[in-house]
Each structure stands twice: as structure tokens, then as C-alpha cells.
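Presented below is the structure to which this report refers.
Numbering of residues begins at 1 and proceeds along the displayed sequence.
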Amino acid sequence: MKKKKHLRSSEWFGGNDKMGFVHRSWLRNQGYPDDYFKGKPVIGICNTWSELTPCNGHLRDFAEVVKRGILEAGGFPLEFPVMSLGETIIRPTSMLFRNLASMDTEESIRGNPLDGIVLLTGCDKTTPSTVMGACSVDLPTIVVPGGPMLSGRFRGEKIGSGSMNWMIKEKQKKDGYSDADFNEAEVCVARSIGHCNTMGTASTMATMVEALGLTLPGFSSIPAADSRKKLFAQLSGRRIVDMVKEDLTLSKILTRKAFENAIITNAAVGGSTNLIIHLTAIAGRIGVDLKLDDFDTIGSKIPLLVNLKPSGTHLMEDFFYAGGLPVVMKELEKLLHKDTITVNGKPLTANYTDAICYDNDVITSIDNPIIKEAGIAVLKGNLCENGAVIKPAAASPHLMNHKGKAVVFESMEDYHNRIDDPDLEIDENSILVLKGVGPKGYPGMPEVGNVDLPEKLLLKGVTDMVRISDGRMSGTAAGTVILHVSPESTVGGTLALVKNGDVIHLDVEQRKLHLDVPDAILAARKAQWKPPEPLATRGYVKMYIAHVEQADKGADLDFLVGKSGSKVDRDLH
């Protein structure tokens with residue numbers, strides 16, 4: 001007879017001594033019966049619900065559905081909150097607090113009598129932060145993604161939440177949109193529960209966790225308002241109980257092969273550049289050696305198969321109706337590691353065998369891709385010694401090999417003060433350079449890399465320019481934007497030394513980003529350069545600035561890399 005699995009929660013609830021009494025008795029005030037404490041797997045529901053995170057505003061209801069599934073499978077569900085991060089509201093940037101939310105998740109899991117974990121995620125940082133924290137404990141874990149909004153409709157056009165943001169200035173200056181126009185668009189663009197409905201970072205991260213094998217197959221693209229989302233949430237609640245019995249931990253799912261599958265899949269769906277930062281950090285927590293160059297060597301030659309904004313024309317709702325991620329992975333079958341294990345206990349290949357494409361305009365075949373090579377390109381050169389990234393699928397072909405003179409902004413404030421100055425010396429061939437927006441510099445590495453173009457160029461009909469920064473870009477945005485420049489300007493990377501008028505050469509095909517300034521001059525500039533004063537003197541932000549790693553390493557805190565496991569040796573008395 002198979003030996004019954006030892007439950008971690010029994011170390012809290014299984015004893016007949018003083019501490020067993022303490023741990024059980026206070027939970028009794030919730031009305032739990034005796035059998036809940038006698039061998040039922042305790043499942044923690046990690047909920048990122050918050051009224052300050054509108055994309056996750058429906059997760060309170062989802063938690064109840066997950067509980068139903070856990071109870072049906074014989075588990076004991078206990079819901080707990082963690083810090084929620086809404087990209088649309090929290091200042092100065094939600095990325096500043098991703099690592100803090102991961103710490104909250106990690107310690108909430110480790111310190112409590114939990115045998116398995118369900119992560120309720122939505123807005124983009126809530127996915128990587130909770131996965132990172134869970135990886136550092138390494139218990140059986142399943143992800144329930146909150147789902148995208150329904151497609152936006154405005155005056156007969158399909159509009160995407162997120163993508164519309166980056167059109168505001170152009171609509172105001174060029175198309176004469178009034179306040180009334182924007183008021184109407186505000187409601188139309190975000191017309192249901194859920195996160196951004198483009199292939200922005202939230203959808204990218206949901207797609208990523210499915211490609212990694214952390215969700216039930218087909219889950220990531222279901223709209224939040226669709227009843228099937230709750231169905232999958234309930235099934236996830238059932239499944240996590242069995243995962244505990246099988247001891248199917250995160251480290252058994254998140255292998256090197258699983259990360260490579262996620263990189264390949266991200267390229268095929270036209271996913272966000274933010275995946276690089278988050279996937280690298282997750283790999284660092286679980287112990288997989290993932291380098292920045294891997295995203296280029298593994299993913300840059302992958303064809304684009306999904307016609308979604310910002311790289312295409314459709315939205316996530318259309319993607320789901322077309323068949324969703326299982327269709328894409330079936331098309332990628334020859335490129336993927338098919339033997340990786342997923343949360344349902346089956347190899348990856350079993351999850352898309354029966355997938356059918358219902359709309360070839362939304363999901364194309366690998367033999368007839370939208371773009372033949374669409375993955376993220378990693379650039380190297382004296383301007384980015386440790387690398388920088390660009391998303392060719394969202395860039396302008398005529399700017400992929402470009403030389404131009406730098407127009408430099410030392411900070412976001414400097415940019416806002418001068419970008420629309422009629423006397424600013426700038427034309428469509430110039431290269432916008434933005435400093436001070438990296439992990440340490442902002443701090444937190446905000447999504448500002450895709451800065452708006454100058455008003456005078458917009459009025460001339462210019463729609464894109466090369467832009468370079470040590471920050472990030474929203475996954476909902478497009479443009480020829482070079483991001484994640486490492487080392488960042490605030491720590492003395494070459495980006496800090498760029499001056500107005502310097503010539504910069506971008507050659508994406510050759511993976512080159514070069515500042516055409518002699519080494520001797522750069523050395524002289526470096527000798528005169530002084531680091532800026534830190535922007536915080538206390539609290540978490542001070543700790544973040546002191547310990548955050550550079551973009552090429554995932555911008556995690558250096559002391560959080562790796563895992564501590566689930567063991568807690570000391571009790572509270």
C-alpha cells in the first residue's frame with residue numbers, strides 16, 4: 001500500500017500538545033469542523049484582489065469559485081491577501097514594488113500551514129511577483145490568471161485598453177479630439193472586468209505561465225467576463241489538491257526546457273519585452289541559469305503567428321475565439337520541448353493535441369507567418385555593454401538600421417519640460433535618448449521608454465522615431481524603442497555619457513547599438529561624471545536602490561535570488 005504523503009500543514013495542526021491546540025483553536029472561531037484539521041491538504045489562495053488594482057477587481061469572486069473546487073477535491077482552502085500592484089494607478093511605477101510583493105508572497109506562504117498554493121493574478125506585476133515568491137518556497141502551485149477585458153469598441157472601431165493610451169497626444173494634436181471624445185473613449189476602452197485586452201504585459205504574463213506549464217491548458221486567453229473563466233478557476237481548485245498528493249512542486253515544472261518554451265511562445269504571440277525582466281527573475285528564484293542572450297538565441301528567429309495589437313489588429317477576445325494558446329503551441333510543435341510536465345500532470349504535447357484554429361486571420365500557420373522572424377532582439381555595443389532589447393515586431397522597418405544625432409533628456413522631468421518646445425533642435429532622423437529611468441535611477445524602471453514624439457513632428461506626420469532609454473516600455477505600446485540599456489545611466493553606464501549631437505548607430509540585424517564617440521573622449525567624460533544622489537533615504541525604496549540588480553539580470557533584489565524552501569524550524573511559542 002502506498003504510504004500516505006506527509007502534509008506540511010500537519011506540523012501546525014497534527015499535534016496533541018500545546019501548539020497543536022493553539023494553531024487549531026484560533027481557527028475554530030471561523031466555524032471549521034474537526035475533520036478540516038485531520039489530514040486534509042491545506043491550500044492557500046494567494047489573492048491579489050484590490051480596489052486599487054482595477055484589473056484584479058473581480059478576483060474576490062474568483063477566490064470563492066476556487067474554494068469550491070478545493071472543497072470538492074477534499075482540501076481545506078484558506079485565502080490570504082498579498083500586496084496588489086496596479087500598473088494604471090500606483091506611483092512612481094508598479095515595477096518598483098514587484099520585488100516587495102514577491103517578498104510578501106514568499107513569507108506569507110512559508111510562514112503559514114500551507115501544503116499547496118493557488119495564485120490569483122491579473123495586472124502584469126501581480127503575475128511575476130507572486131510566481132517569484134512562490135518559487136522561493138517551492139510548494140505545489142497553480143496559477144489562476146484573471147483574464148483580459150472584452151474588446152473595446154469606439155465609434156465603430158475596435159480599440160485596445162492600453163494601446164489607446166499611447167495615441168492620446170496624437171489624437172489631441174493631430175486629429176482634434178475633444179475632452180468629450182476622450183470621456184466617451186474612456187468608458188469604451190475598458191468596458192468589462194479584466195486586464196488589458198491587447199497582447200500587452202498582462203496578457204503576455206498570462207500566456208507565459210500557461211507556456212511554462214503553470215495553468216490548466218487554454219486558460220490564459222479566456223476573457224475575465226466569460227463564464228468559462230470561473231469554470232477553469234473551479235477546476236484549478238480541484239487540481240491543486242491532487243498536485244499536493246502527487247508532490248508536483250514548482251521546481252519539477254519550471255525546468256530549463258520550460259523556460260525555453262516560454263521564450264519561443266512569447267515570440268510567436270508577439271509578447272511584451274517585459275517578459276525578459278520577469279522571466280529572468282523567476283528563473284533566478286527557481287535556480288535556472290537564464291541569460292539575456294538566451295532570449296535572442298532561442299527566440300529571435302521565431303515567426304509571429306498571432307495578429308494582435310500592438311503588433312497586429314485584433315484583441316485577446318478574438319485570440320480566445322480563434323483557439324487560444326493551444327493552437328499556437330500546436331503550430332510550434334517542432335520547436336518546443338514537448339516532454340515538459342505541466343500542472344495537470346501531463347506532458348506539454350498532450351495539452352494541445354486536439355487544438356483547432358477557428359480564425360486564420362487571428363492565428364496564422366507556421367508556414368504562413370505574419371512576420372518570419374519576430375522575437376525580441378538583444379543588442380550589444382559600447383552604449384549597452386551588458387545588453388539592451390528591441391521588439392522588431394512593433395518597430396518600423398525603415399528605422400531598423402539607422403544613424404542619427406542624439407537629442408538627450410537627463411530625466412523624465414527634463415523630457416516633459418522640453419519635448420514640445422518649438423525651438424528644440426530635433427527632426428525625424430534624430431534619436432531620442434532618455435536617461436535616469438533604470439532600476440536604480442527612477443527608481444523602479446518605469447514604462448516610459450516609448451515616450452511621445454514632439455508635437456511639431458507629430459503635426460508633420462511623423463509617427464515613429466528611434467528612442468533609447470534604460471527604462472521599460474508598456475507591452476501595449478509600439479515603436480522603434482530600445483529598452484533595458486544595461487548598465488543604466490545612474491550607475492555610470494555609457495548611456496550617462498551621451499551628449500546632444502552625438503551620433504548613434506542602430507543596426508538590429510547586426511545586433512549593434514554603438515555610440516560613435518572616440519574612446520578617449522568617453523573616458524574623459526567618465527572621469528568628470530558624478531553619480532546622482534539617491535532618491536530615497538529611508539524605507540523599502542532605500543533598500544531597493546541599494547540592492548536591485550541591473551535589467552539584464554531581471555532587476556530582482558540581490559539577496560532574494562534563489563530560494564529558502566518551505567521549512568520553518570521555530571514555532572511561535
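Partner of Cys46 under the side-chain contact (heavy atoms from CB on, under 4.5 Å) criterion, out of Val143, Asp104, Val82: Val82 alone.
Among residues two or more places apart in sequence or in another chain, the side chain to side chain contact (heavy atoms under 4.5 Å, CB included) test is passed with Ile286 by Cys135, Asp138, Leu250, Ser251, Leu254, Phe259, Val288, Lys563. Applying the salt bridge (Lys or Arg N to Asp or Glu O under 4.0 Å) test to Glu428 and every residue at least two apart in sequence or in another chain returns Lys460. Partners of Glu488 under the salt bridge (Lys or Arg N to Asp or Glu O under 4.0 Å) rule, at least two apart in sequence or in another chain, do not exist in this structure. Scanning for ring-ring contact (aromatic ring centres under 6.0 Å, His included) contacts around Phe295 gives an empty result, with sequence neighbours left out.
Atom OH of Tyr358 has 12 or fewer heavy atoms from other residues, nucleotides or ligands within 6.0 Å. Shown here is Lys158, whose NZ atom has more than 12 heavy atoms of other residues, nucleotides or ligands within 6.0 Å. Lys330 NZ: more than 12 foreign heavy atoms inside a 6.0 Å radius.
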Exercise. Go through Thr201 and Ser272 one step at a time and tell me if the side chain to side chain donor-acceptor pair (under 3.5 Å) criterion holds.
Key: CA-CA 5 Å; Thr201 307; Ser272 168; 3.0 Å; yes

Kindly list each side-chain donor-acceptor pair under 3.5 angstrom involving residues 320-328, sequence neighbours excluded, with atom names and distances?
| unit_1 | atom_1 | unit_2 | atom_2 | d |
| --- | --- | --- | --- | --- |
| Tyr321 | OH | Glu317 | OE2 | 2.6 |

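In this structure the side chain of Lys391 reaches within 4.5 angstrom of the side chain of Pro310, judged on heavy atoms.
Pairs passing the side-chain hydrogen bond (donor to acceptor under 3.5 Å, both in side chains) check and including a residue from residues 435-445, sequence neighbours excluded, read Glu410-Lys435.
Contact check on Glu64 versus Lys67 returns a salt bridge, with a Lys/Arg side-chain nitrogen under 4.0 Å from an Asp/Glu carboxylate oxygen.
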